[in-house]
Amino acid sequence: MISIKNLKAGIEDNLILKGINLEVKAGEVHAIMGPNGSGKSTLACVIAGKEDYQVQEGTIDFEGEDLLELSPEERAHIGVFLSFQYPVEIPGISVSNFIKTSINERRKAKELDPIPAPELLKMMREKMELLNIKKGYLSRNMNEGFSGGEKKRNEIFQMAMLEPKLAILDETDSGLDIDTLRIVANGVNKIKTKDNAIIVITHYQRLLDYIVPDFVHVLHNGRIIKSGSKELAHELEEKGYDWITKEADKKWA
Amino acid sequence: MGLIENIKSFSIIENLSAEKNGLFQSFLANGFPTIKQEDWKYTSLKKIVANDFSVEGNGVTVSEEDIKKYSLGLQHKIVFCGGNLISKPSIDGVSISAFSEFESQNKDAISVLNSSLAKKGFTIKIAKNTVVENPIEILFFTSTKQDNFVQYRNNIDVGENSQIKFVERIQNLSDSKCFVNHFTQINIRKNAKVEYNKIQDNNENAILIDNMNLYQQQDSSVIVNTLIFGGAFTRNNLNFEQNGSNCDSNMNGISILDNNQFADNHTFMDHKQPHCRSNEMYKGIYLGDSKGVFNGKIMVRPDAQKIDAFQSNNNLLLSENATIDSKPQLEIYADDVKCSHGCTIGQLDDDALFYMRSRGIREKEAKAVLTYAFASEAVNNFTIAEVKKLAQKRIAEKLHVDLDFNL
Ligand SMILES: Nc1ncnc2c1ncn2[C@@H]1O[C@H](COP(=O)(O)OP(=O)(O)O)[C@@H](O)[C@H]1O
Ligand SMILES: [Mg+2]
């Protein structure tokens with residue numbers, strides 16, 4: 001589905017991603033773990049098309065398309081979705097209006113008519129149930145005054161509504177209590193099919209008990225320094241990152 | 001010839017009374033205000049008054065289609081054509097007639113010019129205990145072949161315990177310039193409620209100076225909404241005076257300007273009595289080479305204890321060439337009051353923009369949604385659904401997007 005080759009990107013003179021290689025196929029779940037500041041969010045943002053980051057080398061192929069040539073909205077239209085580590089508050093626009101606009105904008109790009117209101121409402125109701133979201137929430141302003149947990153749930157609600165091919169969940173688990181974590185993870189698992197793929201960015205093994213990865217990668221200092229199966233996540237939980245980061249630091253020194 | 005000379009010639013034909021002539025001479029003594037005056041520092045009339053305007057030209061009649069096109073389709077309509085009252089509704093307890101004389105306290109040149117020469121406009125009297133459910137639309141049409149200067153002078157008296165809403169629009173139907181000096185005075189008696197909406201969406205040849213005085217008695221409540229979408233040059237002077245306790249004064253403004261449009265909102269909130277409230281919110285959106293001015297003054301006089309006054313002016317500059325000059329002024333002579341103001345000038349938030357684009361909302365549309373979100377706090381205060389809808393439609397049009405901001 002997505003194939004990232006030798007991706008180098010940064011801000012101005014500061015190279016943050018120093019040659020990332022990653023291949024994710026339809027139906028797979030990949031976890032990316034790593035210490036703070038290793039470049040996880042940067043990778044997520046570069047895939048989603050944030051223009052603050054300059055790509056200096058490398059390619060990203062998404063189902064045969066050169067992703068780096070597309071605007072963020074075009075990437076969304078072909079099925080890329082990023083659940084933000086820090087979702088943005090947008091006062092003055094309700095959750096329902098925001099989601100309606102996103103859906104209709106994508107439909108417009110595909111030359112489809114706007115979604116009929118009853119269909120939209122039905123879909124919203126289903127997905128809200130899936131994520132145990134209360135009714136009044138739709139008329140609240142987008143993320144405004146939301147708790148950390150509410151913001152993250154709102155991200156997954158949008159994911160459920162937009163049905164992306166590739167979802168990148170950037171620390172969706174941080175700030176969630178265990179009950180909410182379970183609800184959110186269950187929601188993600190229900191959205192998961194053999195035709196879509198998920199990249200889960202997390203610090204903790206905890207989320208991976210619920211969203212079980214096929215592959216685990218460790219990102220450190222802008223490079224994937226180790227990849228393995230889900231057992232690797234357990235190992236990291238027990239031993240921390242030092243044992244592999246030190247080795248990597250020696251190698252790249 | 002410039003405007004002053006043409007006005008002089010006009011005044012001679014008018015055969016002014018001694019009193020009016022006195023007023024007119026005091027206008028002539030200094031002429032139109034210049035940027036040397038503090039209140040007109042950012043607002044130059046120089047180029048405008050150099051035009052060879054005819055004065056009080058009548059122009060052609062207005063068609064049913066024009067009325068339909070520029071009306072919000074409300075049930076009650078007052079229609080003026082070239083300053084003549086051509087139709088009015090009949091509503092129990094409401095008397096509507098053409099201009100009749102009244103005095104005003106304003107000493108500024110523009111107001112004095114209006115009080116000395118204006119003879120067109122409306123007089124509306126609302127009897128006490130009259131609740132008018134449906135808003136009244138007031139439409140002023142002008143259409144002259146040559147550039148034209150007109151003055152309207154309007155007076156509204158709202159009786160005790162009465163309630164009424166107005167939506168006003170001044171529309172130039174010709175390609176010639178039209179300069180309107182508009183003056184409206186409203187008396188709001190005890191426990192009355194008034195809402196006045198100004199739809200300033202005239203064509204690109206329109207110049208407007210709009211002065212409104214509102215005199216409130218105790219327990220009364222007033223909302224004035226100013227929506228500026230059109231016109232080449234707009235100057236609003238909005239003056240509230242609270243003459244009794246427990247008054248509410250509300251001002252909501254939304255401007256969205258592009259090209260070379262210019263708009264200046266001057267407000268004056270005069271708190272003279274205790275236990276009153278005022279709430280003022282102006283939102284400005286500036287595109288192209290447009291220019292905005294905001295000057296909001298809150299005066300709290302010694303007797304105005306326990307008042308609550310709030311003012312905000314938020315501006316969004318969406319182009320490098322657009323400018324805004326914003327000046328809040330507080331003058332407080334009472335000690336037990338709550339008074340606050342805030343002014344912001346900013347751009348759209350890049351993080352919010354990326355967030356929206358990552359959800360598939362195209363850049364132009366994302367900007368428009370964020371811009372509407374910025375304005376919505378004021379737009380949501382519009383109580384008449386048709387006014388709110390118009391604002392949403394015009395904001396979308398001015399941002400060149402086909403989006404429905406209403407869900
Ligand atoms: N917008 C930015 N401007 C400057 N530096 C940035 C920016 N984004 C990320 N960085 C830097 O890049 C590095 C990686 O950050 P980030 O991708 O957020 O890491 P992670 O998500 O793994 O914690 C950090 O050193 C951070 O300071
Ligand atoms: Mg991060």
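Each chain gets a letter, A, B and so on, in the order its sequence line appears, and its residues count up from 1.
Heavy atoms of B:Glu365 lying under 4.5 Å from chain A belong exclusively to its side chain. Heavy-atom distances place no part of A:Pro114 under 4.5 Å from chain B, backbone and side chain included. Interface residue B:Asp349: only side-chain heavy atoms are found under 4.5 Å from chain A. For a residue to count as touching a neighbouring chain, one of its non-hydrogen atoms must lie under 4.5 Å from one of that chain's; by this rule A:Tyr86 does not touch chain B.
Between B:Val369 and A:Ile93, the shortest heavy-atom contact is CG1-CD1, 3.1 Å. Annotation for A:Pro91 and B:Ala373: closest pair O-CB, 3.2 Å, computed over non-hydrogen atoms. In plain terms, the two heavy atoms of A:Thr101 and B:Leu403 that are nearest each other are CG2-CD2, 4.2 Å. The two residues A:Leu162 and B:Arg359 make their nearest non-hydrogen contact at CD1-CD, 3.9 Å.
Taking a cutoff of 4.0 Å between a charged side-chain nitrogen and a carboxylate oxygen, A:Lys50 and B:Asp350 do not qualify as a salt bridge.
For CG of A:Asp13, the number of neighbouring non-hydrogen atoms (other residues, nucleotides, ligands) closer than 6.0 Å is 12 at most. No more than 12 heavy atoms of other residues, nucleotides or ligands sit less than 6.0 Å from atom NZ of B:Lys389. Within 6.0 Å of NZ on B:Lys398 lie more than 12 heavy atoms contributed by other residues, nucleotides or ligands.
Inspection of non-hydrogen atoms places A:Ser71, A:Pro72, A:Glu73, A:Ala76, A:His77 of residues 65-78 of chain A under 4.5 Å from chain B. The contact list for residues 136-160 of chain A toward chain B, using heavy atoms and a distance under 4.5 Å, reads A:Met142, A:Asn143, A:Glu155, A:Gln158 by residue number.
Of the listed residues (B:Glu377, B:Arg362, B:Met356), the greatest number of heavy-atom pairs within a distance under 4.5 Å of chain A belongs to B:Arg362.
Ring orientation note: the planes of A:Phe84 and B:Tyr355 are nearly perpendicular, at an angle over 60° on the 30°/60° scale.
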